[in-house]
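Computation of the quantities below employed the complete heavy-atom set of this structure, encompassing side-chain atoms and omitting hydrogens, waters and symmetry-equivalent molecules.
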Amino acid sequence: MSAPNSIFTTAPSRNLAPLSLHQSLSSPLSPRITRSHSVAFRPKPRSSSLVFCSTDESNTAAEKEIPIELRYEAYPTVMDINQIREILPHRFPFLLVDRVIEYTAGESAVAIKNVTINDNFFPGHFPERPIMPGVLMVEAMAQVGGIVMLQPEVGGSKSNFFFAGVDKVRFRKPVIAGDTLVMRMTLVKLQKRFGIAKMEGKAYVGNTLVCEGEFLMAMGKEEE
């Protein structure tokens with residue numbers, strides 16, 4: 001018999017690993033896969049950028065299908081300007097409340113002031129940068145407080161009602177033409193015996209707090 005087959009008799013060299021009969025017959029030319037080679041075969045994670053792009057496109061397409069008048073929610077109307085005029089004694093150019101959008105009798109009110117370039121204070125404050133004066137923001141908030149105080153639940157007098165004081169006022173951000181000022185006034189303490197009420201006020205543009213403070217209201221009895 002001839003010399004034995006080298007596959008079974010020759011000791012493996014440093015570069016060759018021993019092969020079994022099954023390996024030699026099925027894939028005699030297949031290279032040995034070592035641990036260092038296995039790194040190259042690890043699957044790469046899929047990029048998700050294409051998914052985000054398609055999602056953004058679908059959202060944009062969905063927004064285009066919604067009519068513009070239905071895309072943004074409007075403020076509700078609890079009291080319109082005519083009802084506000086029946087409560088507050090202020091008139092142009094010093095009535096600074098346009099609509100009441102939330103009202104809890106004897107407790108709080110939320111109202112809005114639409115700040116427009118046609119407001120009479122903008123030509124002087126300031127001609128090149130229209131900013132609503134801080135004192136007028138405070139006055140507008142006090143008027144919202146007046147809507148709470150001049151109701152039967154509290155018993156304030158329309159003919160004898162005064163803005164008595166303010167404390168801890170902070171202006172957080174300028175209010176400019178085109179903004180909608182949303183003001184919340186909450187009754188904190190009421191002393192009917194002395195005709196004094198303390199209120200807490202906060203004003204927002206969007207979800208940003210622009211002004212806050214504590215307000216003191218003085219009430220008198222209805223004049224006969």
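- For the atom pair CZ (R99) and CD (Q83), the distance works out to 11.5 Å, reported to the nearest 0.5 Å.
- The salt bridge (charged side-chain N to carboxylate O under 4.0 Å, His left out) check on E200 picks up nothing, with sequence neighbours excluded.
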Which atom pairs, donor and acceptor, lie under 3.5 Å between side-chain atoms of residues 134-148 and protein residues at least two apart or in another chain?
unit_1: E139; atom_1: OE2; unit_2: Q143; atom_2: NE2; d: 2.9
unit_1: Q143; atom_1: OE1; unit_2: L96; atom_2: N; d: 2.9
unit_1: Q143; atom_1: NE2; unit_2: F94; atom_2: O; d: 2.8

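- To the nearest 0.5 Å, atoms CD1 (I196) and CE (M217) are separated by 11.0 Å.
- At a threshold of 4.5 Å between non-hydrogen side-chain atoms, the residues T180 and V205 do not count as touching.
- Each of V182, V78, T104 was compared with V110 under the side chain to side chain contact (heavy atoms under 4.5 Å, CB included) criterion, and only V182 meets it.
- Note on I131 and I117: separate hydrophobic clusters, where clusters join Ile, Leu, Val, Met, Phe, Trp and Tyr whose side-chain heavy atoms are under 4.5 Å apart, directly or indirectly.
- If you take CG on D179 and CD1 on I176, they are separated by 5.0 Å, rounding to the nearest 0.5 Å.
- The two residues L190 and L187 make their nearest non-hydrogen contact at CB-CD2, 4.3 Å.
- Nearest heavy-atom pair across A203 and L181 is CB-CD1, 3.9 Å.
- F163 contributes atom CZ, which lies 12.5 Å from atom CE of M149 (distance to the nearest 0.5 angstrom).
- With sequence neighbours left out, K173 forms a side chain to side chain contact (heavy atoms under 4.5 Å, CB included) with T208, V210.
- Taken to the nearest 0.5 Å, the CZ atom of F215 stands 10.5 Å off from the CG atom of D167.
- Partner I87 forms a side chain to side chain contact (heavy atoms under 4.5 Å, CB included) with one of L150, V97, V100 and no other, that one being L150.
- In plain terms, the two heavy atoms of F122 and T116 that are nearest each other are CE1-O, 2.9 Å.
- Side-chain atoms of H125 do not come within 3.5 Å of backbone N or O of M132 as any donor-acceptor pair.
- The NE2 atom of H90 sits 12.0 Å away from atom CD1 of I84, with the distance rounded to the nearest 0.5 Å.
- In terms of heavy atoms, A109 sits closest to Y103 at CB-CD1, 4.0 Å.
- Closest approach of L209 to C211, counting heavy atoms only: CD1-O, 3.5 Å.
- When the salt bridge (charged side-chain N to carboxylate O under 4.0 Å, His left out) test is applied to K198, the partners found at least two apart in sequence or on another chain are E214.
- Applying the side chain to side chain donor-acceptor pair (under 3.5 Å) criterion to E102, with sequence neighbours excluded, gives R184.
- Annotation: side chain to side chain donor-acceptor pair (under 3.5 Å) contacts of D98 (sequence neighbours excluded): none.
- In this structure a side-chain-to-backbone donor-acceptor pair under 3.5 Å is present from R71 to I66.
- M219 and L88 fall within the same hydrophobic cluster, defined by Ile, Leu, Val, Met, Phe, Trp and Tyr side-chain heavy atoms under 4.5 Å apart, directly or through other members.
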